[in-house]
Amino acid sequence: MLMMKMMIITKFRVVVKFLRKGKLVFARSALGRKEKAVTLNILLQAPSTKENERHVRRRTSDVDNDDDDIESEEAMLRDQEERAQLERNIRERDAAGTRKLTEPKLSKKDEEEMIRRSKALEDDDTSSLRKVSRQVYLQKRRDQKLLEIRDDIIDHEYIFEGVKLTEAEERELRYKKKIYELAKEHLDVDDISEYKMPEAYDQDGVVNQEKRFAAAIQRYRDPGAGDKMNPFAEQEAWEEHQIGKATLKFGSKDKKQAADDYQYVFEDGIDFIKESVMDGIQDEDAMPPESPGASSAKSMLQDERKTLPIYPYREELLQAINDHQVIVIVGETGSGKTTQIPQYLHEAGYTKRGKVGCTQPRRVAAMSVSARVAQEMGVKLGHEVGYSIRFEDCTSEKTVLKYMTDGMLLREFLGEPDLASYSVVMVDEAHERTLSTDILFGLVKDIARFRKDLKLLISSATLDAEKFSDYFDSAPIFKIPGRRYPVDIHFTTAPEADYIDAAIVTVLQIHVIQPPGDILVFLTGQEEIETVDEILKHRTRGLGTKIAELIICPIYANLPTELQAKIFEPTPEGARKVVLATNIAETSLTIDGIKYVVDPGFCKIKSYNPRTGMESLLVNPISKASAMQRAGRSGRTGPGKCFRLYTAYNYHHDLEDNTVPEIQRTNLANVVLTLKSLGIHDLVNFDFMDPPPSEALLKALEQLFALSALNSRGELTKVGRRMAEFPLDPMLSKMIVASEKYKCSEEVISIAAMLSVGNSIFYRPKDKQVHADNARKNFHSGFVGDHIALLNVYNCWKETDFSTQWCYENYIQVRSMKRARDIRDQLEGLLERVEIEPTSNPGDLDAIKKAITSGFFHHSAKLQKSGAYRTVKNPQTVHIHPSSGLAEYHPRWVIYHELVLTTKEYMRQVIELKPDWLVEIAPHYYQLKDVEDSGTKKLPRGEGRAEMTQ
DNA sequence: GAGCACTGC
């Protein structure tokens, strides 16, 4: 079984190419077990960050404004395009993303379409296998060519050439052409050229195919057909061969020669060229942490402080802070800015006038930094130096240096709109541009205007210091060098077809020929990590003692804590550790001993479409800033090397400088509510550093109005004021506020807490899925709905006195439950604050459901004849997520918690609803006609009918 | 009958 699986896994290939700025084309040849899937190349364009931006921002400037015709058609076509995009996306994921032993799930129609297209693509006399190889080869050659082509229209035309298009595709192409015409008019695009077939594949001269694809064919030969004894013998031999080859080729390949006898095979050794060196910045003497034989621990710490790169700049910095109100500080990692600057300020007497606050994007950072500073100052943590994070306020009246998370400072604004108790605010790691920092910028800039005594320090990484400076009215930039080792950066010489595979080969190459040192590989998600883990284990097993041991450590946020600890264990002598990580390793955690970084150049990014209210989590190319950050992870304890699985051209021309800030790709309802409760009414003119799309702002206002948090003039209502107290999504806050009316606040805050910990409550290990599912079913008995099931889980856990054992028995993640308990405790405290009586009525599920409906009435959907659902407002077809307890029950009307796009539009966390509740609870939003069934359809069962038709 | 990058309040 495992072997079969391995075969399937290795049969999936993805061709990933950077084509033009910010845009990627993925072409995936999905090799299923059946012919039909074999030759189909599904071409899809992942929405780039740029495109995501376009989802939310109408860029009328892109097209001619005067031409209404084009404008409206464009809008229509854009929808079509998006739709087609999603469909392709879905198909693509079906085919390869899940990597299971199942056929891609396709409708009958799609299937026929695929077969038809496959046939159109295929010559009769070529074996399908060779055909695939050839296609990948063609793809590769074409993509190389396309690197020079600056427009994707040509691309589309080529792809669809000779293939009958679906209606949607045709429309899309028409749209693209129209844009192309416009582009040609307005842009200088001379360099667009026609694509020509590679010479080797002209009509007659198909030369030496057998040899050219020998390795590929060997690899993909059906294991059952040839060698029955050991289906992997071939593959293993081949892999060994590959590794041998990799050793020879690595880093020493003559490029010219390579170009001459260019033979492309899958997973060839990967050639890298060293393109640049990220300079280490260091003072010659100060490099190794000095450990002078100091007399006491405290003075030793004081001496150590003086070795930090920032120390020589102390006086200069203090002078600058004295002279200017706002300063942008550019401090490389390891310069000591986070720990030292607040201390300098303290020593210079700023703390006499008020606190020094320093914000961090992460909780752990706030805690660990404050602990370090307390140690250096020789005081107890929580006295002069403290930290404040959610659930934990470790400060006292004495506290003068306060480290906190940025969200926490934002919350403090609510109680102290002028930050009167602070004399200095330092926004650290500002380049990360979290939602909270972006809002803080606007607020802090605003109060600095009338609080001239308030000093602002904005600390950022190099790349965008000037942007920060511009934003803060040309604030001076103060640069502090860091302490960092040089990192060699290597790019591939040609674009890599399959980044997963390229990463694996690269890891093996490093392992075989590079000096000792651990490897860090950046992947996009849990699934990819598991795949790579499996393949690496398999490939190294075959090698036995020929190579040193390779210890594979996966790390991602949802990994149970005890397994996470593995990455911090020191590597045994003679072995090498390879850490397979998600973005978590980019900023959130630091692993010592990493010397090599493998960076495929992708990560998952969440984006939000304000028009449909749907969120999606898609793979996107990273930004240059991210790439630098990743590379820097290898130079922390010594000189490092970074292997980028893309070309230098890609890096320079295709990657965006910075990741699109979160504020431009998220649901802003919460932001708007916060700002409104701070008394900021003119949101459109609020001084955002990067303003969010106005469409998203409007959507948020609309949503808050519907929740009656705002009145028709856009002012905060009493309900809104209460909602703003809760650190939750406004819909959840509304649900809690509404629970007062239905006398079930106890239950509702449990549900809110459980919902806000996310989807990590139920643990479902691969090998015990059946048990886990059975355990979960117990909580769903009676088709009560997912929200009630979550409530059941929480209550059961509480009854066992928060037992860990109980969690294990029921396949529930303890960590998530503890978090839910913390959140619930906090919410309970806040109930009192907004004067909602804790009331409980466990028997009355309808009351609970009504409270939920009060918050989530937007999210209603109705069953269609087809078995799918349709959302009531902004109609679109959606489905109940299979993990839901109601997946088999299919109630006529449902309320869902969230809509996510994966393989389909799925509603996650669903409860049944009586349609007349919608009119009862949200009469301003729903009218009778919305919930009445039209004449041709059956009326909802039960009592609803009489009431509705009267 | 699917699959969730990462924070944060």
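Note that the structure is a prediction, hence the values are computed from the model and not measured. Letters A, B, ... mirror the listed sequences (proteins, then strands); counts begin at 1.
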Check: Under 4.0 angstrom, heavy atoms only, what part of the nucleic acid is A:T434 near: base, sugar-phosphate, or nothing?
Finding: nothing
Notebook entry, point to check: When all nucleic acid strands are considered with a 4.0 Å heavy-atom cut-off, which category describes A:R390: base, sugar-phosphate, or nothing?
Noted result: base
Check: Rounded to whole angstroms, how far apart are CG on A:L409 and P on B:dG8?
Finding: 15 Å
Item checked: Non-hydrogen side-chain atoms of A:T434 and A:D438 separated by less than 4.5 Å -> no
Next item on the list: Tell me whether the centres of the aromatic rings in A:Y896 and A:F856 are closer together than 6.0 Å.
Entry: no
Checklist line | Whole angstrom value for the distance that separates P of B:dC9 from CZ of A:R819 | finding: 8 Å
Next item on the list: Respond yes when some side-chain nitrogen or oxygen of A:T405 is under 4.0 Å from OP1 or OP2 of B:dC9, and no when none is.
Entry: yes
Checklist line | Distance in angstrom units between A:R908 CZ and B:dG1 C1', rounded | finding: 15 Å
Item checked: Atom-to-atom span, CZ of A:R633 to C1' of B:dC6 - whole angstrom -> 13 Å
Next item on the list: Remember a base hit wins even if backbone is also touched, and classify A:Y556 as base, sugar-phosphate or nothing at under 4.0 Å, heavy atoms.
Entry: sugar-phosphate
Item checked: Residue A:R362, side-chain atoms from C-beta onward, closest of B:dA5, B:dG8, B:dA2 -> B:dG8
Note to self: Using the side-chain heavy atoms of A:H881, tell me which of these nucleotides is nearest: B:dC9, B:dA2, B:dA5.
What the structure shows: B:dA2
Note to self: Classify A:L410 by what it touches in the nucleic acid, base, sugar-phosphate, or nothing, heavy-atom distance under 4.0 Å.
What the structure shows: nothing
Next item on the list: Could you state the atom-to-atom distance from CG of A:N620 to C1' of B:dA5 in whole Å?
Entry: 11 Å
Next item on the list: Tell me which of A:N583 and A:G407 sits closer to the 5' end of DNA chain B, going by the nucleotide each one is nearest to.
Entry: A:N583
Next item on the list: Check the distance between B:dC9's C1' and A:L675's CG and give it to me in whole angstrom.
Entry: 14 Å
Margin query: Under 4.0 Å, heavy atoms only, any strand: does A:T582 hit a base, just the sugar-phosphate, or nothing?
Written below: sugar-phosphate
Check: So which nucleotide from B:dC9, B:dT7, B:dA2 ends up closest to the side chain of A:P882?
Finding: B:dA2
Margin query: Here's a test for you: under side chain to side chain donor-acceptor pair (under 3.5 Å), which of A:K604, A:R630, A:Q629 qualifies with A:N583?
Written below: A:R630
Next item on the list: Send over the distance from A:E429 CD to B:dC6 P, rounded to a whole Å.
Entry: 19 Å
Margin query: Can you list everything that forms a salt bridge (charged side-chain N to carboxylate O under 4.0 Å, His left out) with A:E828? Sequence neighbours excluded, please.
Written below: A:R824
Next item on the list: Starting from the 5' end of DNA chain B, give me the residue, A:Q526 or A:D729, whose nearest nucleotide shows up first.
Entry: A:Q526
Next item on the list: For the side chain of A:I584, starting at C-beta, report the closest nucleotide among B:dC6, B:dG1, B:dC9.
Entry: B:dC6
Next item on the list: Rounded off to whole Å, could you give me the CZ-to-P distance for the A:R665 and B:dA5 pair?
Entry: 15 Å
Item checked: Test item: A:R819 side-chain N/O and A:V757 main-chain N/O as donor-acceptor pair under 3.5 Å -> no
